Number of protein chains: 2
Amino acid sequence: MTAPAKGRLRVNRGSLDVRDRLIEAALAEFAARGYDGASTRTIAAKAEAHQPQINYHFQSKDELWRAAVERLLDEMAATMAEHTEGIDRHDDAAMLAAIIGGLVHFAARRPELNRIMMHEGTTLGPRLTWLVDNHLEWRFADLVYRWDAVTALGVAAPLPSGILYHLLLGAASLLYANAPEARLLGVDPDSPELIEAHAEALVSMLLPGR
Amino acid sequence: MTAPAKGRLRVNRGSLDVRDRLIEAALAEFAARGYDGASTRTIAAKAEAHQPQINYHFQSKDELWRAAVERLLDEMAATMAEHTEGIDRHDDAAMLAAIIGGLVHFAARRPELNRIMMHEGTTLGPRLTWLVDNHLEWRFADLVYRWDAVTALGVAAPLPSGILYHLLLGAASLLYANAPEARLLGVDPDSPELIEAHAEALVSMLLPGR
DNA sequence: GTCTATAATTAGATAGAC
DNA sequence: GTCTATCTAATTATAGAC
């Protein structure tokens with residue numbers, strides 16, 4: 001059977017390669033220029049494909065965007081799993097420290113996700129509501145739950161839990177999301193020493209009682 | 001003499017009003033949708049003007065963008081001046097505390113500037129280099145200078161100065177820059193109590209020895 | 001699945017009457 | 001200064017040959 005599988009379960013190597021390259025090119029363009037600023041022609045060219053192949057492999061520019069975001073979210077989940085590996089999931093302080101460190105390291109390695117979220121978070125629209133409903137809400141709730149726990153333990157900085165999510169993500173990721181700006185200012189956001197110092201400082205600032 | 005003054009020194013009230021409305025509409029649109037996503041037609045409509053008036057009062061979409069950003073930067077400077085009023089400019093710890101608080105309050109009241117900077121900071125281009133060269137570089141340097149001073153005094157969190165700028169701006173402004181996202185998550189970024197708690201928490205986290 | 005050609009829409013900018 | 005009409009270029013999406 002060499003016939004291509006239908007839907008997303010395709011096995012054919014050639015088409016998988018194109019889909020793959022299109023997603024990779026798309027997430028870079030969406031991150032750099034925002035949804036409106038990214039053109040499907042530019043994305044296709046970057047993937048060494050033709051523009052109509054986007055509408056063949058994905059229904060629309062919008063679906064391509066979703067596929068790109070979901071790839072990034074999967075990678076973030078994998079990074080977070082690595083960083084929390086072996087930690088007692090009920091040890092909220094240890095889990096939070098690992099989560100904070102994981103967020104910094106992921107933002108440094110794959111700044112595209114934070115870039116896309118900062119682009120989309122500035123205006124209410126279907127992409128933002130899709131993001132929140134499908135991917136952000138439970139992460140937010142999990143973070144708040146753990147924060148309330150460590151606050152009760154006296155380990156946390158005096159920060160209302162409603163503020164935590166954005167303060168943490170902003171502090172962890174802006175340096176990498178806006179890496180082009182940082183470089184113009186003389187900072188090297190790719191330095192492993194800087195990234196590690198960043199992660200450690202953020203943990204000690206948010207969990208000073210640890 | 002009822003003839004209109006030339007260049008930017010115009011006195012005519014009618015034209016000043018249009019310029020003013022166009023700038024206000026433009027900064028809202030650029031902040032919400034990014035430079036590419038904002039259309040001059042939409043901006044003109046929001047300002048109750050016609051699209052060609054943008055090219056009459058400004059040379060181009062690009063110049064309109066600059067005018068909008070400069071208005072926001074002027075407002076930020078005014079807010080920072082209020083917050084640092086009466087403080088000894090050589091008292092670096094007190095100045096930094098006031099600057100941190102001022103940044104949080106300004107981001108909450110006028111999130112457009114941080115939104116625009118987050119949009120532009122994701123890719124290297126003429127607008128970003130203009131921002132850095134003309135407005136960001138000296139602010140960055142001032143912040144680093146003061147941070148090194150309070151670090152020597154043992155007042156600061158253990159944070160390399162190269163990280164400070166983006167960590168501080170991200171922690172101070174993402175909640176307001178991405179206010180639509182925060183609202184979907186059940187947070188109210190307009191609450192005065194939340195804003196004040198945010199400012200105080202950030203000061204105590206960054207300057208624990210104070 | 002790929003590729004060329006193109007449809008349908010919208011973008012920023014300009015010409016010229018008033 | 002304002003406003004209508006329009007130019008040129010770019011956009012996403014589709015049709016149809018291969």
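Note that the coordinates shown come from a computational prediction; the quantities given were computed from them, not determined experimentally. Just so we're on the same page: letters track the sequence lines, and every chain starts at 1.
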Exercise. Taking CD from E48(A) and P from dG1(C), how many angstroms apart are they, rounded to a whole number?
Worked result: 19 Å
Exercise. Between atom CZ in R33(B) and atom P in dT10(C), what is the gap in whole Å?
Worked result: 15 Å
Exercise. So with a 6.0 Å cut-off around CD of Q59(B), is the heavy-atom count from everything else above 12?
Worked result: no
Exercise. Who are the salt bridge (charged side-chain N to carboxylate O under 4.0 Å, His left out) partners of D190(A), not counting sequence neighbours?
Worked result: R183(A)
Problem set entry | Qualifying residues under ring pair (Phe, Tyr, Trp, His ring centres under 6.0 Å), relative to H50(B), sequence neighbours excluded | none
For this session: Please name all residues satisfying side-chain hydrogen bond (donor to acceptor under 3.5 Å, both in side chains) with T79(B), sequence neighbours left out, ordered by chain then number.
Result: R109(B)
For this session: Please give the angle, rounded to 10 degrees, between the axes at the start and the end of the helix from dG1(C)-dC18(D) to dC18(C)-dG1(D), where five pairs define each axis.
Result: 10°
For this session: Mind calculating the distance between CG (L64(B)) and P (dA11(C)) to the nearest angstrom?
Result: 15 Å
Exercise. What do you reckon, are the aromatic ring centroids of H166(A) and F140(A) less than 6.0 Å apart?
Worked result: no
Problem set entry | By side-chain hydrogen bond (donor to acceptor under 3.5 Å, both in side chains) - contacts of E29(B) (at least two apart) | R33(B), K46(B)
Exercise. Rounded to the Å, how far apart are Q53(A) CD and dA5(C) C1'?
Worked result: 15 Å
Problem set entry | Residues in salt bridge (charged side-chain N to carboxylate O under 4.0 Å, His left out) contact with D36(B), at least two apart in sequence or another chain | none
Seminar exercise, completed: In whole angstroms, the gap separating C1' of dA13(D) from CD of E63(A) amounts to 14 Å
Exercise. Can a side chain N or O of H50(B) be found less than 4.0 Å away from OP1 or OP2 on dT2(D)?
Worked result: no
Problem set entry | Letter per nucleotide, 5' to 3', of nucleotides 12-18 of chain C [B base touched, S only sugar-phosphate touched, - untouched; heavy atoms, 4.0 Å] | BBB----
Exercise. Closest to the V18(B) side chain: dT2(C), dC3(C), dT2(D)?
Worked result: dT2(D)
Exercise. Is the shortest side-chain N/O distance from H57(A) to OP1 or OP2 of dG1(C) below 4.0 Å?
Worked result: no
For this session: List for me each residue that meets side-chain hydrogen bond (donor to acceptor under 3.5 Å, both in side chains) alongside T123(B), sequence neighbours excluded, and say none if there are none.
Result: none
For this session: Sequence neighbours left out, what passes side-chain hydrogen bond (donor to acceptor under 3.5 Å, both in side chains) with S204(B)? Give chain and number order.
Result: none
